[in-house]
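First up is the structure itself, then whatever we jot down about it.
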Number of protein chains: 2
Amino acid sequence: MLKRHDLLIEAAERGIRLTVQRRALIETIQEAKGHLDAESLWKLARKRDPNIDRATVYRTIELLKRHGMIDELDLMHLNGEKHYYEVKTQKDHLHLACFGCGKIEEFATPTFERLKREIAKKNEFSIQVMRLEIGGLCRRCAAQEEALP
Amino acid sequence: MLKRHDLLIEAAERGIRLTVQRRALIETIQEAKGHLDAESLWKLARKRDPNIDRATVYRTIELLKRHGMIDELDLMHLNGEKHYYEVKTQKDHLHLACFGCGKIEEFATPTFERLKREIAKKNEFSIQVMRLEIGGLCRRCAAQEEALP
DNA sequence: CTATATATGCGACACAGTCGCAACTGGATC
DNA sequence: GATCCAGTTGCGACTGTGTCGCATATATAG
């Protein structure tokens, strides 16, 4: 498991005003197993505070994104146009989305870090967010495809 | 300039039925200077065939994507949630989006190709599409930011 | 405790993209 | 070149995400 920040502590340190709604949303994101989209986040957070509004969910996501506390993913639009969110990890990593079974794999490698440094240097570009997403077939699904032509 | 396929020839070779609408759309994408979103593609293609419907634009984009003839980009959602399209190039390349001025830079490097091979091998994953997008500040905008804190 | 800047809920809205269905057509066949 | 029909299109209504303005509520500093 990649090491993640504690969002609540970081939010306090950054002077973000902690309302009950934000607490519920942040805790939900922090404790989530997989990748949450806005709708799922809303539903889960409502278990902690039943009155959170949809607009608040979007505004909080925007806030956390601006502070670089969460990353936004598209996951190759495997399930429509929605976005997914995850706590920013210490290490950059990429996402592999299988078009067959929908499974998402994560992968980190020094080559990726090296690429990042190379890009920043060669383009004189100040990188804030970096998103590498890959779509294709996982080992299982590729084998199945092979069997049924 | 990165070498691109000739979409019309490739479409014919693939046995794609060439309607007047598809011809207009494909030629428009092929000759476009920058990155087109669906709306811009529609407007431009209408100059060649004034009756093309919005739905046809989306259906054609879907078709070309399925055939791997064009790539879909988000460009870090710099201008809302729409998608952008470009003719598939011979070399994989990445997109740098500047949050300051909105400029998009493209960049290709052997490190990226190496990363791709490494990912496919280590994860036993059959890669179909790969999208690396980076958001941040270009040299100009980073310097301006510095000057006005 | 109070003041006030900031955040929230609500409802209406914007916008990209999708779908079912009747009418049309590209291109294969004769 | 006429015929045929599976595949394509236009139309219009619809979804699903995400946004916004404004009146009300509240977290935090003093």
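Proteins get letters first, then strands, A, B, ... in listed order; numbering begins at 1 in each.
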Legend entry - First and last nucleotide of DNA chain C, 5' to 3', lying under 4.0 Å from heavy atoms of chain B: C/dA16 to C/dG27

Legend entry - Cluster companions of A/Y58 among Ile, Leu, Val, Met, Phe, Trp, Tyr (side-chain spacing under 4.5 Å): none

Inset, instruction - Kindly state each residue pair satisfying ring pair (Phe, Tyr, Trp, His ring centres under 6.0 Å) with at least one member in residues 6-46 of chain A, sequence neighbours excluded. - result: A/H35-A/H95

Legend entry - Separation of atom CD1 in B/I26 from atom P in D/dT8, rounded to whole Å: 12 Å

Legend entry - Contacts of type side chain to side chain donor-acceptor pair (under 3.5 Å), residue B/D49, not counting sequence neighbours: none

Legend entry - Donor-acceptor contact present, side-chain A/E105 to main-chain A/L96, <3.5 Å: no

Legend entry - Contact list for residues 107-147 of chain A, test ring pair (Phe, Tyr, Trp, His ring centres under 6.0 Å), sequence neighbours left out: none

Inset, instruction - Identify, with sequence neighbours excluded, every residue that meets side chain to side chain donor-acceptor pair (under 3.5 Å) alongside A/T28. - result: A/R48

Inset, instruction - Would you kindly say whether A/T111 and B/E118 are connected by a side-chain donor-acceptor distance under 3.5 Å? - result: yes

Legend entry - Within-4.5 Å side-chain heavy-atom neighbours: B/I134 and A/N123: no

Inset, instruction - Only counting residues at least two apart or in another chain, list the ones meeting salt bridge (charged side-chain N to carboxylate O under 4.0 Å, His left out) with B/R14. - result: B/E10

Inset, instruction - State whether A/H83 places a side-chain N or O below 4.0 Å from either non-bridging phosphate oxygen (OP1 or OP2) of D/dG18. - result: yes

Legend entry - Qualifying ring pair (Phe, Tyr, Trp, His ring centres under 6.0 Å) pairs with a residue from residues 60-85 of chain A, counting only residues at least two apart or across chains: A/H77-B/H83, A/H83-B/H77

Inset, instruction - Quickly work out the A/K82 NZ to D/dT15 P distance and round it to whole Å. - result: 16 Å

Legend entry - Exercise: identify the closest heavy-atom pair between B/A45 and B/A24: O-CB, 4.1 Å

Legend entry - Nucleic acid contacts of residues 14-22 of chain B, taken as heavy-atom distances under 4.0 Å to DNA chain D: B/R17, B/T19, B/Q21, B/R22

Legend entry - Set of residues satisfying salt bridge (charged side-chain N to carboxylate O under 4.0 Å, His left out) with respect to B/E113, sequence neighbours excluded: none

Inset, instruction - Please list, by residue number, the residues of residues 48-64 of chain A whose heavy atoms come closer than 4.0 Å to an atom of DNA chain D; answer none if no residue qualifies. - result: A/R54, A/A55, A/Y58, A/R59

Inset, instruction - Compute the angle between the rotation axes at the two ends of the helix from C/dC1-D/dG30 to C/dC30-D/dG1, each taken over five pairs, rounded to 10 degrees. - result: 50°

Legend entry - Nearest atoms (heavy-atom pairs only) where B/C101 meets B/C98: N-SG, 3.5 Å

